[in-house]
Amino acid sequence: MEVSEKCDIYSFGVLSLEVIMGTHPGDFLTSSPDIRGTSLTEILDQRLPSPEEQIAEKLELLVAVAFACLQKSPHSRPSMWEVTLGLSV
């Protein structure tokens with residue numbers, strides 16, 4: 001495997017999910033065949049209260065960007081510039 005910016009992108013996706021989930025997403029990533037079909041309530045740290053609607057929308061955006069960063073093929077992952085644009089919406 002070639003080390004490139006795409007490795008950092010994958011790490012960003014893992015770190016983002018870790019912050020949202022409150023735990024390392026390793027088991028979640030290996031056990032979920034289609035992570036895109038996962039609901040926000042399954043991902044969020046259950047120790048925290050449910051977010052208000054406006055915050056939930058921002059979290060959904062962050063989760064979508066994180067999932068894009070976790071594509072198996074490095075060539076399918078976004079660039080850091082695309083991640084930045086996706087989060088600035």
Side-chain angles (χ1 to χ4, degrees):
M1 179 167 118
E2 179 184 329
V3 177
S4 69
E5 172 193 8
K6 299 298 182 162
C7 295
D8 291 338
I9 299 295
Y10 187 87
S11 296
F12 176 80
V14 171
L15 179 63
S16 298
L17 283 184
E18 187 169 359
V19 170
I20 292 168
M21 296 175 75
T23 185
H24 191 278
D27 291 337
F28 172 76
L29 294 175
T30 57
S31 66
S32 300
D34 183 18
I35 56 178
R36 292 191 183 274
T38 308
S39 71
L40 186 60
T41 55
E42 293 177 69
I43 297 171
L44 292 178
D45 188 343
Q46 299 301 309
R47 299 171 294 177
L48 300 175
S50 296
E52 296 178 9
E53 186 176 329
Q54 184 178 10
I55 294 173
E57 291 173 5
K58 298 282 185 186
L59 283 171
E60 287 175 353
L61 176 65
L62 178 57
V63 168
V65 169
F67 284 170
C69 293
L70 297 172
Q71 297 296 311
K72 289 187 191 273
S73 170
H75 301 291
S76 299
R77 297 176 196 151
S79 67
M80 191 51 85
W81 177 250
E82 293 168 319
V83 168
T84 304
L85 289 177
L87 293 176
S88 64
V89 174

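Here, residue 1 is the first one in the sequence, and each next residue gets the next number. Quick caveat: nothing in here was measured; it's all calculated off a predicted structure.
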For residues 10-17, please give each side-chain donor-acceptor pair under 3.5 Å, one per line with the distance, not counting sequence neighbours.
from: S11; atom 1: OG; to: C7; atom 2: O; distance (Å): 3.1
from: S16; atom 1: OG; to: F12; atom 2: O; distance (Å): 2.8

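- Linking ILVMFWY side-chain heavy atoms closer than 4.5 Å, directly or via other members, places L48 and L59 in two distinct hydrophobic clusters.
- Across every non-hydrogen atom of V83 and C69, the tightest pair is CG2-SG, 3.7 Å.
- A chain of hydrophobic side-chain contacts below 4.5 Å, direct or via other Ile, Leu, Val, Met, Phe, Trp or Tyr residues, connects L87 to F67.
- Residues satisfying the side chain to side chain contact (heavy atoms under 4.5 Å, CB included) test with E82, not counting sequence neighbours, are P78, S79.
- Atom OG1 of residue T23 and atom CD of residue E18 lie 7.0 Å apart, to the nearest 0.5 angstrom.
- Tracing side-chain contacts under 4.5 Å through hydrophobic residues (I, L, V, M, F, W, Y), one reaches L40 starting from L62; they form part of the same cluster.
- Scored by the side chain to side chain contact (heavy atoms under 4.5 Å, CB included) test, S76 finds Q71, S73 as partners (sequence neighbours excluded).
- The side-chain hydrogen bond (donor to acceptor under 3.5 Å, both in side chains) analysis of residues 47-67, with sequence neighbours excluded, yields the pairs D45-R47.
- Both M80 and L70 belong to a common hydrophobic cluster when Ile, Leu, Val, Met, Phe, Trp and Tyr are linked at side-chain heavy-atom distances under 4.5 angstrom.
- Through direct or indirect side-chain contacts shorter than 4.5 Å among Ile, Leu, Val, Met, Phe, Trp and Tyr, L85 is connected to W81.
- The heavy-atom pair separating R77 from K6 by the smallest distance is O-NZ, 2.5 Å.
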